[in-house]
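Reviewing the structure listed below.
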Amino acid sequence: MSNWHHRGQSWAPELITPESAGIPADPRALAGHLASADVREILDRHQALLIRGFDVTEASLAGVMPLLLPERLAYIHGNTPRTKVGENVYTSTEYPPEYAISMHSELSYAPAWPARLLFFCVQPSATGGATPLLDNAAWLAALDEPLRREFSGGLCYRQYLHGGRGFGKSWQATFETDDRAQVEKILAPTGTQWEWTAGNALRTRTVRPATIRHPATGEELWFNQADQWHPATLGEDTMRELASIVPADELPQSVTFADGSPIPAEYVTRIRDTGLELAHDIAWQQGDVLLVDNLTLAHGRRPYSGARRVLVAMSH
């Protein structure tokens, strides 16, 4: 059983502060402390690690990040809009602030995903903007058995990535290359089906399970992005507007059950709402560093007002 089940709503990430670590409030002291810590063991026990009060800045983050992320990964095959601001360091999802971002594990729709995520708060928002976290086993347990049974056969994710002009992300931005051969090299070992269109767009089709087993514990985890890829969670007005301007086969992303049958709208809204309701919010403070086990935890974003800058990096 995961820690979340034992702790219920009292769950919180492991917290490192100058006081708890007995060291100065300085990024160099923090780096020295982390160098002697067993980060893997901390994540195994607590699922997330929050570092607070060390006056970490965007510049000094470079001395801390390698101790938390063994090898930073590029956001290849990612479906959300981000800006690359450094060596495999990105802005968090650039989505209108008035909307919540529902719970998800990063790249859970893809054949490969990062094991760890690191978030860094450059500037917290004026109001709202928390990053909620949710144990994926607890999320699965909260869904009713008929719904879980419907998803047991897996999901089919489809993407339409334009060639530089169009709605949504381009394949060049998605794969961080303008070389078709490089894209095919990335996709070939993943089991993804793809085709290039006459207009230089790329269509992909990937079948993935809705749940996975934790490799160490065997615990079953909810691990998919059905609600984020389904147009029903955009709202009826947005769905109608999209249908009027984008053909169904050119939606940037869509999802069905693995056999191609449609997923009822009520299923994905129930999944989304359950996840957001159960999640534990991390309210950001400037300089916070949050390390998350991407397999066991889902994350999201609460609506906010004012400027907000949170960066993200990923690793195996």
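For clarity, every value in this text was computed on a predicted model and none was experimentally measured.
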Does any N or O in the side chain of [X] come within less than 3.5 Å of the main-chain N or O of [Y], such that one atom is a donor and the other an acceptor?
X: R301; Y: Y95; answer: yes
X: D281; Y: A283; answer: no
X: T269; Y: E266; answer: yes
X: S105; Y: F223; answer: no
X: Q172; Y: G163; answer: yes
X: H104; Y: S102; answer: yes
X: N88; Y: A313; answer: no
X: N294; Y: P114; answer: yes
X: Y90; Y: Y75; answer: yes
X: N224; Y: A210; answer: yes

Going by side-chain hydrogen bond (donor to acceptor under 3.5 Å, both in side chains), name the pairs with one or both residues in residues 50-67, residues two or more places apart or in two chains.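 Non-adjacent pairs meeting side-chain hydrogen bond (donor to acceptor under 3.5 Å, both in side chains): R52-D288, T57-S60, E58-R309.
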
Will you find, in the side chains of [X] and [Y], an N or O donor that is under 3.5 Å from an N or O acceptor?
X: T256; Y: R158; value: yes
X: D259; Y: S261; value: yes
X: E106; Y: H299; value: yes

Looking at A258 and R205, what are the two nearest heavy atoms and their distance?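 Nearest heavy atoms, A258 then R205: O-NH2, 4.0 Å.
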
Contact check, side chains of [X] and [Y], non-hydrogen atoms, under 4.5 Å:
X: H316; Y: L73; result: yes
X: V39; Y: L67; result: no
X: L202; Y: F175; result: yes

Where does the angle between the aromatic ring planes of W284 and F119 fall among parallel (under 30°), tilted (30 to 60°) and perpendicular (over 60°)?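 If you compare the ring of W284 with that of F119, the planes turn out tilted.
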
Parallel, tilted or perpendicular: which one describes the rings of F151 and F257, with boundaries at 30° and 60°?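 It falls in the perpendicular class, over 60°.
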
Quick check: are there more than 12 heavy atoms from other residues, nucleotides or ligands sitting under 6.0 Å from NZ of K185?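 Open.
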
Tell me whether the count of non-hydrogen atoms from other residues, nucleotides or ligands lying under 6.0 Å of CD in E87 goes above 12.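 No, CD of E87 has 12 or fewer neighbouring heavy atoms, counting only those of other groups under 6.0 Å.
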
Report the C-alpha separation of R203 and D249 in whole Å, then their side-chain angles, then the decisive distance to 0.1 Å, and conclude whether the salt bridge (charged side-chain N to carboxylate O under 4.0 Å, His left out) test is met. CA-CA 9 Å; R203 282 195 174 93; D249 63 349; 3.2 Å; yes

Can you tell me how far OG1 of T204 sits from OH of Y157, rounded to the nearest 0.5 angstrom?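 Output value for this atom pair is 12.0 Å.
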
For side-chain contact (heavy atoms from CB on, under 4.5 Å), just list the numbers for E150 and I263, CA-CA rounded to whole Å, side-chain angles, deciding distance to a tenth of an Å, and then say yes or no. CA-CA 9 Å; E150 289 291 329; I263 301 173; over 6 Å; no

